[in-house]
Amino acid sequence: MSDSNIQREKVFEDVVRIMAETLEISPEEISSDLSFNSDLPFDSLQLYEFVIDVEETYNIRLPDEVLDEVKTVNDIVDVILKLANKE
């Protein structure tokens, strides 16, 4: 397994953990293809908390225009990897 796959798996695990804590659901309920808009029961405050937790975990800034393009759990993992690797 390449370093990028290992890193991606770690980011995915972190995202699932943060999501599960924020939504108070089991991590097993979260898969990579779940949609933020229809599958995950975020209210606006929970979504804000999730974004803040991700930003603090990875020391990155998630701009609103980038978040607007995020549709699935996989998408947020891609965004985190892209932003974290820029630094």
Side-chain angles (χ1 to χ4, degrees):
M1 194 181 273
S2 71
D3 285 349
S4 61
N5 284 349
I6 293 168
Q7 185 179 16
R8 181 175 185 74
E9 188 64 31
K10 169 78 172 99
V11 171
F12 177 75
E13 288 171 8
D14 287 344
V15 166
V16 167
R17 179 185 49 77
I18 295 168
M19 253 180 214
E21 289 171 3
T22 303
L23 294 171
E24 298 178 358
I25 61 175
S26 167
E28 289 78 33
E29 295 180 53
I30 302 169
S31 65
S32 61
D33 60 345
L34 288 183
S35 165
F36 267 83
N37 295 334
S38 57
D39 298 327
L40 295 165
F42 280 107
D43 63 28
S44 56
L45 180 59
Q46 289 170 321
L47 190 56
Y48 177 76
E49 288 173 2
F50 169 74
V51 169
I52 296 298
D53 286 347
V54 167
E55 288 177 338
E56 288 176 354
T57 299
Y58 288 96
N59 196 27
I60 57 173
R61 172 85 179 92
L62 295 169
D64 290 341
E65 59 272 11
V66 171
L67 291 174
D68 289 343
E69 296 173 15
V70 169
K71 304 291 183 237
T72 65
V73 175
N74 253 346
D75 291 346
I76 192 71
V77 171
D78 290 340
V79 167
I80 293 166
L81 285 168
K82 191 168 91 180
L83 292 173
N85 287 329
K86 278 186 178 176
E87 303 194 358

- What closest approach, in Å, do Ser26 and Ala20 show between heavy atoms, and which atom pair accounts for it? C-CB, 4.3 Å
- Atom pair CG (Asp53) and CD (Glu21), whose distance is rounded to the nearest 0.5 Å: 7.5 Å
- Task: Show the numbers, then the answer: is there a side-chain contact (heavy atoms from CB on, under 4.5 Å) between Phe36 and Leu67?
- Result: CA-CA 10 Å; Phe36 267 83; Leu67 291 174; over 6 Å; no
- Shortest non-hydrogen contact from Glu29 to Leu34? O-CD1, 3.3 Å
- Message: Would you say CD of Glu24 has more than 12 non-hydrogen atoms from neighbouring residues, nucleotides or ligands within 6.0 angstrom?
- Response: no
- Task: Search all heavy atoms of Leu83 against all heavy atoms of Pro63 and return the closest pair with its distance.
- Result: CD1-CD, 4.4 Å
- Gln46 side-chain N/O to Asp43 backbone N/O, donor-acceptor pair under 3.5 Å: yes
- Item | Audit row: Lys10, Asp14, salt bridge (charged side-chain N to carboxylate O under 4.0 Å, His left out) steps and yes/no | CA-CA 6 Å; Lys10 169 78 172 99; Asp14 287 344; 2.8 Å; yes
- Message: Under 4.5 Å between side-chain heavy atoms, counting indirect links through other Ile/Leu/Val/Met/Phe/Trp/Tyr residues: same cluster for Val73 and Val66 or not?
- Response: yes
- Could you give the distance from CG (Asp75) to CD1 (Ile80), rounded to the nearest 0.5 Å? 11.0 Å
- Query: If every non-hydrogen atom of Val77 is compared with every non-hydrogen atom of Val15, which pair is closest and at what distance?
  - Reply: CG2-CG2, 4.2 Å
- Task: Taking side chain to side chain contact (heavy atoms under 4.5 Å, CB included) as the test, write out the residues that go with Glu69, two or more places apart.
- Result: none
- With side-chain contact (heavy atoms from CB on, under 4.5 Å) as the test, would you mind laying out the steps for Leu40 and Leu47 before giving the verdict? CA-CA 10 Å; Leu40 295 165; Leu47 190 56; over 6 Å; no
- Query: Please walk me through it: do Asn85 and Gln7 pass side-chain contact (heavy atoms from CB on, under 4.5 Å)?
  - Reply: CA-CA 10 Å; Asn85 287 329; Gln7 185 179 16; 3.3 Å; yes
- Below 4.5 Å, heavy atoms only, C-beta onward: do Leu23 and Pro41 meet side chain to side chain? yes
- Query: Quick one: do Arg17 and Glu13 make a salt bridge, cutoff under 4.0 Å?
  - Reply: no
- With Phe12, which residues qualify under ring pair (Phe, Tyr, Trp, His ring centres under 6.0 Å), at least two apart? none
- Message: Measuring from atom CD1 of Ile76 to atom NZ of Lys71, what distance do you get when rounded to the nearest 0.5 angstrom?
- Response: 11.5 Å
- Quick one: CD1 on Ile52 to CD1 on Ile18, what's the gap to the nearest 0.5 Å? 11.5 Å
- Can you measure from OG (Ser35) to CG (Asn74) and round to the nearest 0.5 angstrom? 12.0 Å
- Aromatic rings Phe50 and Phe42: how do their planes relate, parallel, tilted or perpendicular, breaks at 30° and 60°? tilted
